[in-house]
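Scope of the values below: all heavy atoms of this structure, side chains included, with no hydrogens, waters or symmetry mates.
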Amino acid sequence: MFTPKEIQALNQSISNKEFETKVYLMPESRSESDDKSVTYSFKIVGIKPMISVGEWYDYVAYDVTILDASDNLKKFLNIVVNFFIKSFGKEDAKQKLKNYLKKDSYILININNEINNTLSYFVGGGYPHSTMNDVYISDELFEEIMNIVIDK
């Protein structure tokens, strides 16, 4: 897979790049008219041995930072955050949103696919086994999500 030196070089080449992709709330919501998208960056944080179909492989582990989102997605995330605040309190809302995006939502599936496509370029077109290590949400985006007022 990648050596530590190759990971460092790859991270340097993508360090100032932002990527944008369409996202979906659930598989059934995939349509050409869907206007939800996110802007993100990512960083490779290491190699993680994992099993796939009974075989051990070295997976590229990466962190994703969500930098921005389309207005419709921000409104949806505002509803999610307000649910977390009412259920768990305001102090954990950002962490709960990160956990939701990483583990419980369909939203980041396209980001995983896009990162795999990017990584495949660096492994000569082969399939890069990869896994999301962690998700971060920019402070600016979280503040925007928190300040949205949805008309009833």
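- Residue K48 places its NZ atom among 12 or fewer non-hydrogen atoms of other residues, nucleotides or ligands, all under 6.0 Å distant.
- Considering every non-hydrogen atom in both P128 and S120, the closest pair reads CG-N, 3.7 Å.
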With side chain to side chain contact (heavy atoms under 4.5 Å, CB included) as the criterion, how do V64 and I115 come out once you've worked through the C-alpha distance, each side chain's angles and the decisive distance to 0.1 Å? CA-CA 10 Å; V64 172; I115 290 174; 3.8 Å; yes
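- Distance OG1/T118 to NZ/K17: 10.5 Å, rounded to 0.5 Å.
- Note on ring orientation: taking the six-membered ring where Trp is involved, the planes of F84 and Y100 are perpendicular (angle over 60°, cut-offs 30° and 60°).
- Taking CE of M146 as the start and CG of L77 as the end, the distance is 12.0 Å to the nearest 0.5 Å.
- No hydrogens or angles considered: nothing links the side chains of N11 and Y62 as a donor-acceptor pair under 3.5 Å.
- You'll find the side chain of I66 stays beyond 4.5 Å of the side chain of Y136, heavy atoms only.
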Run the side chain to side chain contact (heavy atoms under 4.5 Å, CB included) check on I7 and I47 step by step: do they pass? CA-CA 9 Å; I7 291 172; I47 303 295; 4.0 Å; yes
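- For the atom pair CG of N117 and OG1 of T21, the computed distance is 9.5 Å after rounding to the nearest 0.5 Å.
- Counting non-hydrogen atoms of other residues, nucleotides and ligands closer than 6.0 Å to NZ of K43 gives a total of 12 or fewer.
- Taking CD1 of I51 as the start and CD of E55 as the end, the distance is 9.0 Å to the nearest 0.5 Å.
- Between the side chain of N133 and the backbone N or O of D63 there is no donor-acceptor pair closer than 3.5 Å.
- Donor-acceptor pairing under 3.5 Å is lacking for the side chains of E114 and N110.
- When side chains are defined from C-beta on, D58 does not count as touching H129, because their heavy atoms never get closer than 4.5 Å.
- Ring orientation note: the planes of Y59 and Y57 are nearly perpendicular, at an angle over 60° on the 30°/60° scale.
- With contacts defined as side-chain heavy-atom distances shorter than 4.5 Å, the pair V38/D68 does not qualify.
- In terms of hydrophobic clustering, with Ile, Leu, Val, Met, Phe, Trp and Tyr side chains grouped at heavy-atom distances under 4.5 Å, V45 and I14 are assigned to different clusters.
- Taking all atoms of both residues into account, the shortest heavy-atom contact from L119 to S130 is CD1-CB, 3.9 Å.
- Note: E20 CD to S70 OG = 8.5 Å, rounded to the nearest 0.5 Å.
- For the pair F88/K96, a side-chain contact is recorded, criterion being any heavy-atom separation below 4.5 Å from C-beta on.
- Taking the side chain as every heavy atom from C-beta outward, I107 and F76 approach each other to under 4.5 Å.
- The shortest side-chain heavy-atom distance between T65 and I137 does not fall under the 4.5 Å cut-off.
- In the hydrophobic clustering of ILVMFWY residues, with side-chain heavy atoms under 4.5 Å counting as a link, V60 and W56 come out apart.
- Residues F19 and F42 bring their aromatic ring centres within 6.0 Å.
- Closest approach of L73 and S37 over heavy atoms only: CD2-O, 3.8 Å.
- For residues 80-92, every residue pair satisfying the side chain to side chain donor-acceptor pair (under 3.5 Å) rule, not counting sequence neighbours, is listed here: N78-N82.
- M132 is listed as a side-chain neighbour of L108, based on a closest heavy-atom distance under 4.5 Å.
- Applying the side chain to side chain donor-acceptor pair (under 3.5 Å) rule to pairs touching residues 137-146 yields K74-E144, K94-D139, E143-N147, sequence neighbours excluded.
- Side chains of S41 and L67 form a contact here, defined as non-hydrogen atoms less than 4.5 Å apart.
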